[in-house]
Amino acid sequence: MHVLKKDCPMSKYREYKGLDLPVVANEMLERWKRENTFEKSVSSRPENKPFVFYEGPPSANGLPGIHHVMGRAIKDIFCRYKTNKGYRVERKAGWDTHGLPVELGVEKELGITKEDIGKTISVEAYNEACRKAVMKYTDVWNDLTEKMGYWVDMDDPYVTYENKYMESVWWILRRLYDKGLMYKGYTIQPYSPAAGTGLSSHEINQPGSYRMVKDTSATALFKLKEDGQKMLATLTGNNDLTYTMVAWTTTPWTLPSNTALAVNKKVDYVVVESFNQYTGSPMAVVLAKDLVSYQFSGKYETNEDDSAYHEFNLGDKKIPYRIIGTLKGTDLVGYYYEQLLPYVLPMETPEKAFCIIAGDFVTTEDGTGVVHIAPTFGADDAQVAKAAGVPPMLIADAQGNPIPLVDLQGRFVDAMGDELGGMYVKNEYYTENEPDKSVDVLISIKLKEENKAFKIEKYEHSYPHCWRTDKPILYYPLDSWFIKSTAAKDRLIALNKTINWKPESTGTGRFGNWLENLNDWNLSRSRFWGVPIPIWRTEDGTEELCIGSVEELKSAIVASLNAGIMKENPLADFVPGDMSEANYNTFDLHKNYMDNVVLVSPKGKPMHREQDLIDVWFDSGSMPYAQWHYPFENKDKIDDGKAFPADFIAEGVDQTRGWFFTLHAIATMAFDSIAYKSVISNGLVLDKNGQKMSKRLGNAVDPFLMLNKYGADATRWYMITNAQPWDNLRFDESGIVEVQRKFFGTLYNTYSFFALYANVDGFDYSENDVPLSEKPEIDRWVISRLNSLIIDVDAAYADYEPTKAGRLIQNFVTEELSNWYVRLCRRRFWKGDYETDKVAAYQTLYTCLETVSILSAPIAPFYMDQLFRDLNVVADKNTAESVHLAEFPESDSSKIDLDLERRMSLAQRITSMTLGLRKLEKIRVRQPLQKLMIPVIDKDFVRQVTEVSDMILREVNVKEIEFLNETEGILVKEIKADFKKLGPRFGKQMKDVAARINAFGQAEIADLERNGKIEIEMGDASREEIIRDEVLITTKDIPGWLVASEGELTVAMDITISEQLREEGIAREFVNRIQNLRKDSGLDVTDKIAVKIESRASIEQAIKNNLDYICAETLADSLELVSKVNGGNSLEVEVETGIETRIALEKI
RNA sequence: AGUCCUGUAGCUCAGUUGGUUAGAGCACUACACUGAUAAUGUAGGGGUCCGCAGUUCAAAUCUGCGCAGGACUACCA
């Protein structure tokens, strides 16, 4: 009987024909727009409770990929979660607009190269093209942002090319400058003398840059100074030899710039006695042991005979050699040698040059294991020399400025003398009058003549070439502006230790190690589209000015105008102090304008801006301040900590040395603060085979396709729950399908089930809550689990573990709520009147669904909002308009009953085991059985199982449970050692002890259980006492019964089917058949029927004895046994093997 | 080359301070259930826990050395 509670029509829970997540997303998107939900989710939270989040700016000149959905889902989840927790979470979007990819994109589009800039296209037009190109895909990005449900304020983003942003960047640079943290120096960079420009690593890595070339390579002999001679003479016991180091180079032109030799401390070196193949002079060379046979090949022949060395003459077919001493690399470090080619001396600390130093990069794979170091022409060389305090080969030019031995055109400087001065170091650089002998050859000949060459030969290797001129590049020292991050190293490390890294290893490992090995930050980039370095210098470099604001620049320009240096003022219309957009649109801080600004020095000289732009990473690292135009506006946001540092940021792990570093470095150096408290570095999204996605391989996944096909919710849920954010995700579409079916399908089904019956009964949650104590066991159980879930999910979110949160929710929904609670409670919803028990069931299920919707909303924002609204539209329990405006549920610890959760777990296990037994014996569940027997495990066991016995019996269709006490002596038991307890006690004897315990018979087990202890005899005849607690005793068998065991739990089943049980079974079969027929006939769940069954002797008794039961179950007003059933609505049924009959029903 | 991550069933992933039968979902096979039905349950098959060595009474788990995949950084005489 279903009694409608109310007569008046009420609003119904929305019922759906099916689950279509993309449609849900579209509908919800419309609602959010209409209701300004995002805006409200910020404004409804108090300003004094901020959760600060920074959006890492993407570059809008490329299209978004599926990995952006991943990264942004992570950001979104925690912002939404914190909103639910009552925080105000402002999320300002941002665009990274400067940098090389933009320039290259524009050049490709316009069909120009860098050389055209300033020639066929003005810098101004070029920059204008960049400004447009960079926002090319803004619409696509905005579309993705919206469709994937990422809430970020796209209406008022920060844009790195805007004047206000750039002004803040300048202000920070000025602050670092004032702190003495900026200096001009040089680094070794790829440089193309033919093109007269430095090359970025990006350009070097273009396909075709590296080519195989044949160069003259020289293996040269470096004569040790006196200390070294003595040391080796002592080692070998030979005072007559001249000891030399031997080192190899493919670029002999760098030998005049040699200032050090590097050895590996750990490598074994040997001293070899032999003769020079070109001059025949005796020699004793030091090289790596592993490379002796490689170097002494060809004419050389190992020979231990002294006479071979006395009798050797130049021109002999074979040259003898032998090892006369062995030592470690570390023994060589610190000795000095004579300069190989003494053209000039380094201007700085020449006494420290020509020294043997240690370098970890030195290997014994080729060469000699001794590496020639020319700090002016090799990046590694410069670094290792600097670390060792060895000066680079820089000499003073006419003005006294340091210069290398090769000029910017690639020619030796005049100081190299008549012979080499003015020559190009590579013959490829000559456009005419190319000499026969290249510099490499000339130097090699010189070495041979001077007895300094061990070997000269052609060597083929791969070498980078300039993609514009096709000529080989040089590694060349170029002027750059640096930030002295090494000065802040200790502080950077200390502050990093206060950051919460997810995962921790990225913070301590990759990032921590990076900080430990920090280099100064090279700020300079020879580009066009970016933030200009705001430093103006006089030509001689003696006077210098760093500008930190537009206002400052304007007054400097005015001074320059007054001095007559500049003719007009590009900032004429700028009004200092006016922060309006209009005012800030009256000028442009980009290079094309700033290069025209010539200031005047205090001494009245003109000052030109330093040519370079700054590294774009500095742009994005400045965003905490620049996004607010700090300190010119919003000073309080930074100074009062309202928007700094961030509570949370998240980006890909590839940003570790990018954005994560620049944020940290700038915050530390400029503000002595961290920039973020917690950071997630997420992994990559790979294809399903673990390959990196790329357009080239065609395995890139189109994010829009996924969103349109499965909706954002399923896509996000899949990505978040499948792998931890910091592990790489193997993206597999079938995984989304699974999530859709398994999680969303189940949740949808659960809601549909609720809605169907709640609508029938008119449940709208207007009744007072049924007190917990009056709710049935299963309600209290699921409520207890729900409250435990709240605690766990809250903790997981708070700890930035979204995967854990999602998996917990999913498990609750599919296993506990749907598969256990709903499955066991189905009858309560459709059976009986609208009374307390039914109300309790509705209230319980409602509460679970609503709570799940809030817990899951951060991950699946669309569907969960629909669920939340569908529930509340009728019940109006939660006054929030949207799930995203709701408060995160509070767990009520008084509702958590761990004993109850244990009881239910027992019930589930007993049920599962019993069903297993039925299956084993092929007894269908509809056939009632009489009895289950369960051995008692401990003192609480009987009570616990008794409290859930109704549930078990109903589920497995058995009539009673009998508990078996061990005293009855019918149980066959099994005993095992508890290794965890006995292991520490017995150590090595453990194996022996375990074997002895395993060997116990039933009598010994019983003895142990009775007395709580037992003695065993050890191998050495000593006796040890084992107590009850140190072993695990389980019931293995109950003779005569059908038994299942799982851990310590055992269940036995009585499988005798009495006549009465058999009849009940048949009755249940009929109920089932009638229900099927009802359903197939399209009857409503509330319709009443009249039933006719064609009589058979085999079933008559069963039906008569269970008539009331059958009628009640099927809502039948009458049930007749008739001799013949025919007519339309009848069905042939087989109730039991061999028993066939016909049934018919009609609606009354 | 350096730093870091990952490696467990056919696939995607759990696996606690080391403790003796290594788990789940998907897929597969069989059986059952049927007023949630584009669902559900039960059972089954399926494992060199990447390899080797070590520590330990005991290793998927700790240590070392490798292998494979990936990321970042640096690119060499």
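All values below come from the heavy atoms of this structure, side chains included, with hydrogens, waters and symmetry mates left out. In what follows, chains are A, B, ... by sequence order, proteins preceding strands, each numbered from 1.
Applying the 4.0 Å criterion to OP1 and OP2 of A36(B), one finds that Tyr751(A) has every side-chain N and O outside that range. Between Lys976(A) and the phosphate of U21(B), there is a side-chain N or O to OP1/OP2 separation shorter than 4.0 Å. Phosphate proximity of C13(B) to Asn722(A): present, with a side-chain N or O under 4.0 Å from OP1 or OP2.
Taking only distance into account, the side chain of Thr746(A) never meets the base of A39(B) through a donor-acceptor pair shorter than 3.5 Å.
For the pair Phe753(A) CZ and A36(B) P, the computed distance is 6 Å after rounding to whole Å. For the pair Gln383(A) CD and A1(B) P, the interatomic distance rounds to 18 Å; values are reported in whole Å. Note: CD (Gln724(A)) to C1' (U12(B)) measures 14 Å, nearest angstrom. Rounded to whole Å, the distance from NE2 on His67(A) to P on A71(B) is 13 Å. The separation between Lys804(A) atom NZ and U16(B) atom P is 11 Å, rounded to whole Å.
Residue contacts for Thr721(A): at a heavy-atom cut-off of 4.0 Å it reaches no nucleic acid atom on any strand shown. Arg741(A) comes within 4.0 angstrom of the backbone, heavy atoms only, and of no base. Residue contacts for Gly735(A): at a heavy-atom cut-off of 4.0 Å it reaches no nucleic acid atom on any strand shown.
Listed by chain and residue number, Thr187(A), Leu478(A), Ser480(A), Asn522(A) satisfy the side-chain contact (heavy atoms from CB on, under 4.5 Å) test with Gln189(A) (two or more places apart in sequence, or in another chain). Taking Tyr16(A) as the reference, nothing meets the ring-ring contact (aromatic ring centres under 6.0 Å, His included) condition, with sequence neighbours excluded. Listed by chain and number, the residues in a salt bridge (Lys or Arg N to Asp or Glu O under 4.0 Å) with Asp615(A) are Arg525(A) (sequence neighbours excluded). Here Phe661(A) pairs with Trp514(A), Trp521(A) under the ring-ring contact (aromatic ring centres under 6.0 Å, His included) rule; sequence neighbours left out.
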Tabulate atom names and distances for all N/O pairs under 3.5 angstrom spanning the protein and nucleotides 3-5 of chain B.
from, atom 1, to, atom 2, distance (Å)
U3(B), O3', Asn513(A), ND2, 2.8
U3(B), O2', Asn513(A), ND2, 3.2
C4(B), O2, Arg510(A), NH2, 3.3

Give me, pair by pair, the N or O atoms of the protein and of nucleotides 41-47 of chain B that are less than 3.5 Å apart, along with how far apart they are.
from, atom 1, to, atom 2, distance (Å)
G41(B), OP1, Asn819(A), ND2, 2.9

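Out of A36(B), C13(B), C75(B), the shortest distance to the side chain of Arg807(A) is found at C13(B).
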